[in-house]
*Asks:* 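Below is a structure I'd like to ask you about.
Throughout, a chain's letter reflects where its sequence line sits, starting with A, and its residues are numbered from 1.
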There are 2 protein chains.
Amino acid sequence: MPRSEPGSRDGPVGIKQVAQLAGVSPGTVSNVLNKPERVAAKTRARVEQVIKELGFVRNGSAASLRAGHGRTIGLMMLDLGNPFFTEMARGVEDLMSEREYGVILCGSASQVGREQRNVRMLAEQQVRGVLVTPVSDSGESLARLRERNIPSVMLDHAATRSDQCSVTVDDVAGGRLAVAHLLERGARDIVFVGGPLTTRQNADRRAGARKALREAGCGTLREVIVDEMTPRAGHEAAEHLLAELPDAVFCANDLLAMGVLRVLLQQGVRVPGRVMLIGYDDIEYALASAIPLTSIRQPPYKLGRIAAELLLDECEHPGSHAHQQIMFQPELVVRESTS
Amino acid sequence: MPRSEPGSRDGPVGIKQVAQLAGVSPGTVSNVLNKPERVAAKTRARVEQVIKELGFVRNGSAASLRAGHGRTIGLMMLDLGNPFFTEMARGVEDLMSEREYGVILCGSASQVGREQRNVRMLAEQQVRGVLVTPVSDSGESLARLRERNIPSVMLDHAATRSDQCSVTVDDVAGGRLAVAHLLERGARDIVFVGGPLTTRQNADRRAGARKALREAGCGTLREVIVDEMTPRAGHEAAEHLLAELPDAVFCANDLLAMGVLRVLLQQGVRVPGRVMLIGYDDIEYALASAIPLTSIRQPPYKLGRIAAELLLDECEHPGSHAHQQIMFQPELVVRESTS
DNA sequence: GGGGTATGTTGAAACGTTTTAACATTTCGC
DNA sequence: GCGAAATGTTAAAACGTTTCAACATACCCC
């Protein structure tokens, strides 16, 4: 049996072979794939049948070359080690998977250089658009995307230009919410643990904290600035506190708070009896800690999903797309650590 | 000023325009990009200069179309919500970024169907290779990749075929390590909390636990099977234990253990005084819990990185590549919860 | 300085789609 | 039934790279 089908060759089947077997032209097969409504029901059925039989899978590179863009988007994350961001990535991935897009994942690890290298790589891959959680100074990366006409949506960082979409949570409001809660519970001597302040998130949360104090007209804010948002950094910060215990501690994220909590308990400091503690992000693991943590809840999954929707809208309907700067309000979740 | 350069047009600059400005043929520019050693130093310098001036970025789709494969790999993860897997993804991303490859991220959410859809998408994107943490029955997905000649490496699941690379940690040894430790500390009535048992990880860890008992010739193992590896599932499991407290609990992952721990402490059960507790994975957040958790450490970042290296070796040197099944040994990390 | 070998460079042919204008065919109003 | 309009289908020209055989050129040894 030399060869089973007239046109069958060894290589992967292409659109031509489908066309031949279905008795139509390659153009029609392409239409079945991309604009099914333009081809007669009967023809379409036949072609689809052949596609299934032959196990044909379209060559995305060729499609992308001809069409000028492919079915992938880029996702640039600030910190792949932080559950807040990976949860966001999950939201993005879920939506893109539904719409049959691929997601090219990049981590900038908060370094401008790495961010720029990755933007170049994404441009090379002909991504249709890019989602970015920008490092403090990403102007250049975004400009490069713009000059290549690659749409982008900023994630967890508000856009200042009106020709840019962004999806964020109000961190100033979050900081205010946290400290207002502590004040209401009677705390006066409050410590903010967070950093580095060059990141927008930290700066905003601190600003919110100060705002709450101003509004209340009472209380003082001490600060311990750390250079990482990890449990380890929380440990170190807590050591500084032991000398002069405050009434309450506001940590710029839950990982820090978990570190602080552990040191306090080890030293026999009652939480919340002696010191109240509040975190930020409301990650799942915060609930599971020995003294469940009061925290500020953000919806990372939703953020990712909505940003992805916005990006796709801009990519697929550049004409009618209206740029939006969406800002969610965070939510206070009260648990034992402040009760 | 009608046009600044003779060949300058509006669209993105291509290899031809670089060639023209540098006074060479397009083929030579391509060689500068892909086989720099084949082109004379002087010519190369000139071309590189022009590339920089024009801000030329190669069109990856065209390259991929002609060459038959692109500079991306696929990464299929079992569970994007689990720090163990996201840490693995970080290892993969780091290496691929160094080698200037893009990583297309997919989550299978443990569903065979989603896995297969994603494999199809990856094939369409012409990925060079795929890293898979397979769901329990992924034979078909892997077969599809093979018939398309797309190399793959299995992650966190040992390959049974010798023409397949895999990188794993010995979960049987891990389970044995955990329970042997508990027995050594004097526990006799031990409970295993984990599930679902259809996942290889759970089945192996349980098998390891049983092995430890057999070897010791003493002790008994009760089991609470859950259907999710989350803190919430841990809570529920712990409720079952309260009626008849065991000497020790071995959880198939740290998230479960954190959930169990919280319920025990809430009920006034001393840990480790009354019940010892051991987890699995040694995730960062486990250390930060109120009673630091004894756990079985696995090196997810390293797993990801090594698997990525293996995959690239297979992709780039298919001739000389030797398939390997690498298995790491896990490590016992003793902390307060068993001391 | 002539035959042979390295060493660089080139031109043109792919790669597998999408797109477009042009061509058939059917449908419809009258 | 006739012409016009609507509906399907097609052939051929892109898209921007890589590859490969062929061609120059420089170098070397006797």
Side-chain angles (χ1 to χ4, degrees), chain A residues 7 9-48 50-51 54-72 123-126 128 148-149 316, chain B residues 7 9-48 50-51 54-72 123-126 128 148-149 316:
Chain A
R9 301 210 282 124
D10 271 335
V13 310
I15 223 174
K16 284 185 195 165
Q17 300 157 57
V18 173
Q20 185 179 349
L21 201 54
V24 297
S25 80
T28 298
V29 178
S30 173
N31 280 335
V32 170
L33 257 33
N34 304 305
K35 321 193 165 140
E37 73 282 2
R38 288 215 187 146
V39 37
K42 210 174 158 186
T43 319
R44 185 173 43 194
R46 189 153 30 101
V47 172
E48 276 167 350
V50 174
I51 286 179
L54 259 44
F56 164 77
V57 172
R58 164 219 275 108
N59 181 328
S61 302
S64 159
L65 170 59
R66 174 62 233 227
H69 57 79
R71 282 190 84 78
T72 51
E124 185 166 324
Q125 303 295 342
Q126 309 292 115
R128 189 91 189 252
R148 289 193 174 280
N149 281 319
E316 294 180 342
Chain B
R9 300 210 281 127
D10 272 335
V13 309
I15 222 175
K16 283 186 195 164
Q17 299 157 58
V18 173
Q20 186 180 350
L21 200 54
V24 296
S25 79
T28 298
V29 177
S30 173
N31 280 333
V32 170
L33 257 33
N34 303 306
K35 324 198 165 137
E37 73 283 1
R38 287 214 188 148
V39 36
K42 211 173 157 185
T43 319
R44 183 172 45 197
R46 189 153 31 99
V47 172
E48 276 167 350
V50 174
I51 286 181
L54 260 44
F56 164 76
V57 173
R58 168 221 274 107
N59 181 328
S61 302
S64 160
L65 170 59
R66 173 64 234 222
H69 58 78
R71 281 190 85 76
T72 51
E124 184 166 325
Q125 302 296 341
Q126 309 290 116
R128 189 90 189 252
R148 288 193 175 281
N149 280 319
E316 294 180 342

*Asks:* C/dT17 C1' sits how many Å from A/Gln17 CD, rounded?
*Replies:* 13 Å
*Asks:* Roughly, in whole Å, what's the span from CD1 in A/Ile15 to C1' in D/dT10?
*Replies:* 14 Å
*Asks:* When the distance from NZ of A/Lys16 to C1' of D/dA12 is rounded to whole Å, what number comes out?
*Replies:* 11 Å
*Asks:* For a quick check of understanding: with a heavy-atom distance under 4.0 Å over all strands, which category does A/Gly14 fall into, base, sugar-phosphate or nothing?
*Replies:* sugar-phosphate
*Asks:* Can you check whether A/Asn59 has a side-chain N or O nearer than 4.0 Å to OP1 or OP2 of C/dT17?
*Replies:* no
*Asks:* To check you understand the geometry: which heavy-atom pair defines the closest contact between B/Leu33 and B/Phe56, and what is its length?
*Replies:*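 Where B/Leu33 meets B/Phe56 most closely, the heavy atoms are CD2-CE2, 3.8 Å.
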*Asks:* Using every non-hydrogen atom in the two residues, find where A/Pro26 and A/Lys16 come nearest and quote the distance to one decimal.
*Replies:*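 Smallest heavy-atom distance, with atoms named: CG-CG, 4.4 Å.
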*Asks:* Quick one: A/His69 NE2 to D/dG16 P, roughly how many Å, whole number?
*Replies:*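 To the nearest whole Å, that distance equals 13 Å.
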*Asks:* Nearest to the side chain of B/Ser25 - C/dT10, D/dT17, C/dT17?
*Replies:*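 Of C/dT10, D/dT17, C/dT17, C/dT10 is nearest to the side chain of B/Ser25.
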*Asks:* Taking only the side-chain heavy atoms of A/Asn31 (C-beta and beyond), determine which of D/dC15, C/dT19, D/dT18 contains the nearest atom.
*Replies:*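 Nearest to the side chain of A/Asn31 among the choices is C/dT19.
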*Asks:* From D/dT17, D/dG16, D/dT19, pick the nucleotide closest to the side chain of B/Ala67?
*Replies:* D/dT19
*Asks:* Both B/Pro26 and A/Ala63 contact DNA chain C. Taking the nearest nucleotide for each, which residue is further toward the 5' end?
*Replies:*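 Checking each residue's closest nucleotide, the 5'-ward one belongs to B/Pro26.
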*Asks:* Does the side chain of B/Arg58 come within less than 4.5 Å of B/Ile15's, by heavy atoms?
*Replies:* no
*Asks:* Please confirm whether the backbone N or O of A/Pro36 pairs with a side-chain atom of A/Arg44, one donor and one acceptor, at under 3.5 Å?
*Replies:* yes
*Asks:* Kindly give the heavy-atom pair with the smallest separation between A/Val24 and A/Arg46, and that separation in Å.
*Replies:* CG1-NH1, 4.2 Å
*Asks:* Which nucleotide, D/dT19, D/dA14, D/dG16, lies nearest any side-chain atom of B/Ser30?
*Replies:* D/dT19
*Asks:* Using whole Å, report how far CD of A/Gln126 lies from C1' of D/dC15.
*Replies:*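 Distance, rounded to whole Å: 10 Å.
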*Asks:* Could you check whether the side chain of B/Arg66 and the base of D/dT17 have a donor-acceptor pair of N or O atoms closer than 3.5 Å, going by distance alone?
*Replies:*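 Absent.
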*Asks:* In residues 36-48 of chain B, which residues come under 4.0 Å of DNA chain D by heavy atom?
*Replies:* none
*Asks:* C/dT18 phosphate, OP1 or OP2: any side-chain N/O from A/Lys35 under 4.0 angstrom?
*Replies:*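 So the side chain of A/Lys35 is outside the cut-off, no N or O lying under 4.0 Å from OP1 or OP2 of C/dT18.
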*Asks:* List the atom of B/Ala19, the atom of B/Ser25, and the distance in Å for their closest heavy-atom pair.
*Replies:*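 Where B/Ala19 meets B/Ser25 most closely, the heavy atoms are CB-C, 3.7 Å.
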*Asks:* Can you identify which nucleotide, out of D/dT10, C/dC15, C/dT18, has its nearest atom closest to the B/Leu65 side chain?
*Replies:*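 Given the options D/dT10, C/dC15, C/dT18, the side chain of B/Leu65 is closest to C/dC15.
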*Asks:* Output the rounded distance in Å from CD (B/Gln20) to C1' (D/dG16).
*Replies:* 15 Å
*Asks:* At under 4.0 Å, does any side-chain N or O of B/Arg58 touch on OP1 or OP2 of D/dT18?
*Replies:*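 For D/dT18, OP1 or OP2 has a side-chain N or O of B/Arg58 closer than 4.0 Å.
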*Asks:* If you compare every side-chain N and O of B/Thr28 against the phosphate oxygens of C/dT10 (OP1, OP2), does one of them come in below 4.0 Å?
*Replies:* yes
*Asks:* What is the distance, to the nearest angstrom, from the CD atom on B/Glu124 to the P atom on C/dG16?
*Replies:*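 In whole Å, C/dG16 P and B/Glu124 CD are 15 Å from each other.
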*Asks:* Measure across A/Gln126 and B/Ser61 and return the closest heavy-atom pair with its distance rounded to 0.1 Å.
*Replies:*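 Looks like CG-OG, 3.2 Å.
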*Asks:* Quick check: closest heavy atoms across B/Val39 and B/Thr28, and the distance to 0.1 Å?
*Replies:* CG2-CG2, 4.3 Å
